[in-house]
Amino acid sequence: MSLQDRTRFDPAEVEPRISARWLADGLYHPEPEGAADENYSIAIPPPNVTGALHMGHALNGSVQDALIRLHRMRGQRAKWILGTDHAGIATQAQVEKRLISEGTSREAIGREAFTERVWEWRSEFGGTIIDQFKRLGASCDYEEERFTLDDGYAKAVVKVFVALYDKGCIYRDHYMVNWDPGTGSAISDLEVEDREVTDTLFSVAYPLSDGSGEVVVATVRPETMLADTAVAVNPADERYTHLIGKSVVLPLVGRELPIIADDYVKVDFGTGCLKITPGHDPNDFEIGRRHGLEELSAIGEDGCMTADAGAYAGLTVAQARTRVVADLEAAGQMRAAEPYTHTVPFSHRSGERIEPLISLQWFMRMDELAAPAIAAVREGRVRIHPESQSRRYLDWLENIRPWCVSRQLWWGHRLPVYYRGEETYVGAEHPAGDGWTQDPDVLDTWFSSALWPFATLGWPDDTPQLRAFYPTNVLSTARDILFLWVARMVMMGIEFTGEVPFTDVYCHSVIQAPDGRRMSKSLGTGIDPLDLIDGGPRPPVFTEGGDFPAYGADAVRFGLMAMSSTQDVRFSEEKVAQGQALANKLFNASRFILGKVPEGTGPAARPTTVEDRWILSRLQRIVGETTERVEVFAFSKAVLGLYDFVYGELCDWYLELIKTREIDDDLAATLTYVLSETLALCHPFIPFVTEELWTHVPGHEDGLLAAAPYPRVEPALIDVPAETRVADLITAVTALRAWRETTDLPPKTILPARIPAAYADTQTLIARLARLEPIGDDGEASALVPVPGGVVEIVAGYLVDPAVEAAKREQRRAALTAEIARAEGKLANPGFIAKAPPHLIEAERGKLARLREDLEETGT
RNA sequence: GGGCGCGUAGCUCAGCUGGUCAGAGCGCUCGCUUUACACGCGAGAGGUCACAGGUUCGACCCCUGUCGCGCCCACCA
């Protein structure tokens, strides 16, 4: 289609066409050759197979694609490792929901049939998010898509588990876990969310065994007292020191409990006396382990009271609480009951209240692997951006705790653990002999994703992919999985490959809803990136209703990068609109240039005038700035800088300056060069529009911009004098236009004027843009417009009101006089003269001299 | 409770190691069918840089405190 057929860039028409060309070309798939340090790779944070593209994916995708495209254009083999995560809990929950809607359930169909259903689900919906990445223009290696549960990956997971077991890092233990009654599984601390809840705080009296009195303890969970095994006080609490070593009798049960001393107990909270229930409270568990207390479980995984609960066995937790409270009251041991608001853990997945339980689980000891991961960041072998995030990373690793890696799910990597009676076998293969049964649990999803950067490349085999692309270069992610995922990848990477899995970690912003709340579908604050691209409906969080315009992928990419920062930011539709405007501006600038340039013009920098030298010099500046900004992950500055260049310098000034020039070979070549370089420079950020326009540039019909060389700074084209000359021109023209706005002159009137000699090389340009006609000495000036290095004298006779001009002159004199006074005052300050750096003093003196000259020129 | 960060034009945000920084985009006002673009062009108005002290010749930028907001970690029975 000819460019001249339309005046607007139409992403809906262009993007599918361009996308198809990229995919057909194969440039997304680099051959696994060469060494990792000459190639460039990024492992995508694998989206959940069941997921749909959300704002975080879109921003992260834009960022990673900009990096990948830029390095690909630099001639590196650039591989963006693609794949999806099996996402144990999330996926299992989705399929279970479907089963329930079909009137059946996971339990009813059994494990084998269930996992089969999940695989079916995956083949049906697993491609959705991949297709959405394509819509965004993400240049992932779609030819080698991986899945955290595919055969090769499973092999890597088993190898790692067995190796860590053999090393003694993985072990089975009774431990306090966050039991989620909703999913019937232990979940990690990181999957727990806190909610504020109002409970009743009960004060219960425990009589001393020797009959000398009682101590009062407070609890919101009286039913757990059935599993109490001690009472603790602070060793420094003089109210109780005499009781340490004595014992109390547990009401309703009659068990004798020692009174122990532990610093954990707060002297100034409650009665300063704490009942210890190692089986049902994480802190009590720790205390219990410190003091070697017995660990009783009064509550079972089914949410009912166990045999340890004695007379209460079989009741639900709620029933037991009611009974215990009633019995305590009947026994006269209840001292108080008052409302109490506090935060309580809930399952992020099922929404149910966490039941802390002691349970037999598989754990991984982390300290040994953490040490090298700490060193890697400390020593700068892994750099985290922004730097402030590395502190969080280090704090977490330095206080790391054992990781509960077993999950009571069916969807995931089943533990390579086998039992026969009292025997336990851990190994890649099913053990020989009869009677072995495999552990039913699967591994925490993050266990497998921790291997992502190398398991995707074929590890543990020594593959060409691994040699060519590992370690990867950059890992880009939101902060929230810095611990869950990033830290664990560093640990596993170092342990199993001997190398850090990436050298830079970029933590991008979290985009919040326009009102500052978290983006969430259920809150109505979520914005679907595809709705922005295609023009879908605005979610309720927008005050304005209706559909989004079909902004297109470039606009969304630009907008998201423009919004991003080192901290969280609010979504701003204006930034997306700005991206759309930029795409459209490039489209029209290209139409303009290509409409002037004859067929067959090759791009070349052949400046013949000051404005040619200026734009070429400015182009070098923006090339350098953009490159530097990407290197330090300043994507917002990078894209906004490109916007400013295209609008502010290329279109507003250069194209206007050359508009009336005859197009000779030199100018045609230069225009083509500037356009080509600008398109290439912008391509990693807004790939579609630039690729489309590239095809219209003479000589580019067949080649892909995505495979063209990225611009580099050409020092020979930097021209400081030209930059100064045109900067003055811009200031002068702006001043002249502003002056005209203050008059009643019809906008188009051409006015005779004397332009200072300093503007000899640019005066015809100034005259055209400011609608002046340069004249000689004849005629009396009716207005004076100050410009850098002189004054433009307007000779407009009666068209200009002398009184108005005189008033303006007076105003200017007053402003200059005030400025001069300020500068004089500063220079008269002995402190300034004595302590300020000499170059600043000089600058101030120069400024004063100029101000005095300017005042002189205003005449009298 | 600990840690981090933020409060700059109506809105969303830039302002590097203190010395033309008081800025950009959008919005708003005024004027333009100027032969690439009205998703355009030109010109404007708008801020005591949260508040109070302090350091300094000089602070939006450093220090202290106060108020407001966000996030992370720990999670006081």
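Just so you know, these numbers use all the heavy atoms, side chains as well, and skip hydrogens, waters and symmetry mates. Proteins get letters first, then strands, A, B, ... in listed order; numbering begins at 1 in each. This is a predicted model, so every value here is computed, not measured.
The partner of B/rG47 is absent, by the rule that a Watson-Crick or G-U pair needs both atom distances under 3.5 Å. Across all strands shown, B/rG42 forms a Watson-Crick or G-U wobble pair, both distances under 3.5 Å, with B/rC30. Pair check for B/rC37 finds none; no Watson-Crick or G-U wobble contact set falls under 3.5 Å. B/rG70 is paired with B/rC4 under the Watson-Crick or G-U wobble criterion, all donor-acceptor distances under 3.5 Å. A 3.5 Å limit on both hydrogen-bonding distances identifies B/rC63 as the Watson-Crick or G-U partner of B/rG53. Base pairing analysis places B/rA14 opposite nothing; no Watson-Crick or G-U wobble pair with both distances below 3.5 Å involves it.
Separation of the C1' atoms belonging to B/rC6 and B/rU12 is 14 Å when rounded to the nearest angstrom. Nucleotides B/rG5 and B/rG47, compared at atom P, are 31 Å apart to the nearest Å. B/rC51 and B/rC28 have their P atoms separated by 29 Å, given to the nearest Å. Nucleotides B/rG42 and B/rG58, compared at atom C1', are 38 Å apart to the nearest Å. For B/rC73 and B/rG19, the C1' atoms lie 41 Å apart once the distance is rounded to whole Å. Rounded to the nearest Å, the gap between the P atom of B/rG7 and that of B/rA50 is 8 Å. To the nearest whole angstrom, the two P atoms, one in B/rC62 and one in B/rG18, are 8 Å apart. Between B/rG27 and B/rC39, the two C1' atoms lie 15 Å apart (nearest whole Å).
Rounded to whole Å, atom P of B/rG3 lies 23 Å from atom OH of A/Y393. Per the geometry, CG belonging to A/L827 stands 12 Å off C1' belonging to B/rG19, to the nearest Å. If you measure from atom CD1 of A/I593 to atom C1' of B/rC37, you get 13 Å, rounded to the nearest angstrom. Atom CZ of A/F9 is separated from atom P of B/rA36 by 21 Å (rounded to the nearest Å). Taking atom CZ of residue A/F587 and atom C1' of nucleotide B/rC37, one finds them 10 Å apart after rounding to whole Å.
At the heavy-atom level, A/V510 lies nowhere under 4.0 Å from the strands shown. Contact annotation for A/E574: backbone-only contact, meaning every heavy-atom pair under 4.0 Å involves sugar-phosphate atoms and none involves a base. Residue contacts for A/D568: at a heavy-atom cut-off of 4.0 Å it reaches no nucleic acid atom on any strand shown. Here A/R221 lies out of heavy-atom contact (under 4.0 Å) with every strand. Within 4.0 Å (heavy atoms only), A/E656 reaches at least one base atom of the nucleic acid. Within 4.0 Å of A/K637, counting heavy atoms only, lie sugar-phosphate atoms of the nucleic acid but no base atom. Looking at heavy-atom distances under 4.0 Å, A/A836 makes contact with a base.
In this structure, A/K266 satisfies the cation-pi test against A/Y264, with its NZ or CZ atom closer than 6.0 Å to the six-membered ring centre and inside 45 degrees of the ring normal.
A 6.0 Å sphere centred on CZ of A/R401 holds no more than 12 heavy atoms belonging to other residues, nucleotides or ligands.
Residues A/R852 and A/E824 are paired through a salt bridge, judged by an N-O separation under 4.0 Å between the basic side chain and the carboxylate. A salt bridge links A/E355 to A/R221: at least one charged side-chain nitrogen sits closer than 4.0 Å to a carboxylate oxygen.
Taking 4.0 angstrom as the limit, A/K585 places a side-chain polar atom (N or O) nearer than this to OP1 or OP2 of B/rC41. Put simply, A/K748 has no side-chain N or O that comes within less than 4.0 Å of OP1 or OP2 on B/rG31. Taking side-chain N and O atoms only, A/R8 has a distance below 4.0 Å to OP1 or OP2 of B/rC39. Between B/rA14 and A/S565, a contact under 4.0 Å exists linking OP1 or OP2 to a side-chain N or O. Residue A/K659 places at least one side-chain N or O closer than 4.0 Å to OP1 or OP2 of B/rA36.
When all heavy atoms of A/A583 and A/V689 are compared, the pair lying nearest together is O-CG2, 3.7 Å. Closest heavy-atom contact between A/C507 and A/P386: O-CD, 3.7 Å.
The closest side-chain donor-acceptor pair between A/D228 and A/T277 falls under 3.5 angstrom.
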